[in-house]
Amino acid sequence: MVFWIGILFGCLFVWMAVKTGFYETWVLLFNTVISIYLAVFLGPVITNIVPVARGSAYNNALCMIIPGVGAFLILYGISYTLFTGQFSIPFTKKIDTLVAGFFGFLTGLLVWFFLSLLICIMPISQHTFVSELDFTGGFKQTGLPYIGWWCDMVNSIVASEDSEVTSEQIISALLKSAELKPPDRQTEPSPPATPDNIKTAPSKDSNNRINDSIPI
């Protein structure tokens, strides 16, 4: 289910890429990759720093949306001001059609899988309809390796050499924290003792009186 919806997103971005051309599509793919990388690696850090975010059920998703959307808007503004808004580089028709369409398809998949990640780490993933579709399982099979490949490629360039944390480890931890814990089985407390529910056992004298009153 997740994969096929991603195909539809990819086709939508192919149509957009063919209309805009290779130059603008390449810039869009670059901005999207960097934004999602920052969202994945900075989201858990923001969650630990901001104490208010820990009390919300949507803390992980919100802390990923903030750096992701913020970085994309900043990068888009810079790229439009310095590059795409100032001049355009002409390419051959094949490059503007085939290569741009391919880059657009990659961008569409990346955007959809990031949205799928946000859905998986929000309480909506525990909804009956979403659980029956096995949305989280489908994301783990297709979306997790795809996002992990792009983020690890960026991380290998910008991170220090002794860094051993991978994006798949971070995403897996986010998915694990979003899973519902089994409810604890607790015994119901016994009702308080009241005169109405206290039953006293009959004494021996009363039993003897009852037996004496019974005719033989």
Side-chain angles (χ1 to χ4, degrees), residues 1-14 16-17 22 24-50 53 58-79 83 99-122 124-125 134-179:
M1 184 68 180
V2 177
F3 176 76
W4 294 113
I5 297 178
I7 295 296
L8 295 178
F9 261 75
C11 294
L12 176 62
F13 275 75
V14 167
M16 295 172 55
F22 170 76
E24 289 78 4
T25 304
W26 182 87
V27 174
L28 177 63
L29 176 60
F30 177 82
N31 295 340
T32 303
V33 171
I34 299 300
S35 302
I36 293 178
Y37 167 78
L38 294 176
V40 171
F41 278 83
L42 291 183
V45 177
I46 297 176
T47 304
N48 295 328
I49 293 177
V50 181
Y58 298 88
N59 56 345
N60 291 329
L62 290 175
C63 292
M64 292 181 67
I65 292 174
I66 292 172
V69 175
F72 181 82
L73 293 177
I74 293 173
L75 291 173
Y76 180 81
I78 294 174
S79 60
F83 301 103
V99 181
F102 177 71
F103 278 21
F105 183 78
L106 297 179
T107 306
L109 280 181
L110 190 58
V111 171
W112 165 245
F113 285 141
F114 179 70
L115 295 177
S116 302
L117 172 60
L118 296 179
I119 294 174
C120 291
I121 63 178
M122 288 193 297
I124 193 176
S125 62
D134 194 17
F135 196 88
T136 304
F139 172 78
K140 290 180 180 179
Q141 293 179 358
T142 57
L144 178 57
Y146 188 74
I147 294 181
W149 184 82
W150 283 106
C151 292
D152 289 339
M153 182 177 62
V154 178
N155 193 49
S156 63
I157 299 174
V158 301
S160 58
E161 296 180 355
D162 56 349
S163 178
E164 298 180 354
V165 180
T166 62
S167 58
E168 291 192 10
Q169 294 175 350
I170 297 176
I171 296 174
S172 298
L174 291 173
L175 295 175
K176 187 176 181 180
S177 64
E179 294 177 356

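- With Y37 contributing its side chain and M153 its backbone, the two residues share no donor-acceptor pair below 3.5 Å.
- For the atom pair CG (L109) and OG (S116), the distance works out to 10.0 Å, reported to the nearest 0.5 Å.
- With F9 as the partner, the ring-ring contact (aromatic ring centres under 6.0 Å, His included) test is satisfied by one option alone out of W112, F114, F3: W112.
- Atoms CG and CG, on L118 and L62 in that order, are 9.5 Å from each other to the nearest 0.5 Å.
- Note that the CD1 atom of I147 and the OG atom of S167 stand 8.5 Å from one another [nearest 0.5 Å].
- You'll find the side chain of L174 reaches within 4.5 Å of the side chain of M64, heavy atoms only.
- Between the CG atom in L29 and the CZ atom in F105 there is a gap of 12.5 Å [rounded to 0.5 Å].
- Between G148 and E168 the shortest heavy-atom distance is CA-CG, 4.2 Å.
- For OH of Y76, the number of neighbouring non-hydrogen atoms (other residues, nucleotides, ligands) closer than 6.0 Å is 12 at most.
- Within the 4.5 Å cutoff, side-chain heavy atoms of Y146 are placed close to those of L106.
- Dense packing is recorded around CD1 of I5, with more than 12 heavy atoms of other residues, nucleotides or ligands lying under 6.0 Å away.
- Scanning both residues, A178 and C120, for their nearest heavy atoms gives CB-O, 3.7 Å.
- For the pair I121 and L175, the tightest heavy-atom approach, listed with the atom from each and the gap, is CG2-CD2, 4.0 Å.
- Of the N and O atoms on the side chains of T166 and D152, not one donor lies less than 3.5 Å from an acceptor on the other residue.
- In this structure, the separation between CZ on F139 and CG on L117 is 4.0 Å, given to the nearest 0.5 Å.
- Here the straight-line distance linking atom CH2 of W150 with atom CD1 of I36 works out to 10.0 Å at 0.5 Å rounding.
- Among all heavy-atom pairs drawn from G138 and T142, the shortest one is O-OG1, 2.9 Å.
- The nearest pair of heavy atoms linking Q169 to E164 is OE1-O, 3.9 Å.
- What you find for G104 and A17 is that their closest heavy atoms are CA-CB, 3.9 Å.
- S125 places none of its side-chain heavy atoms less than 4.5 Å from the side chain of F135.
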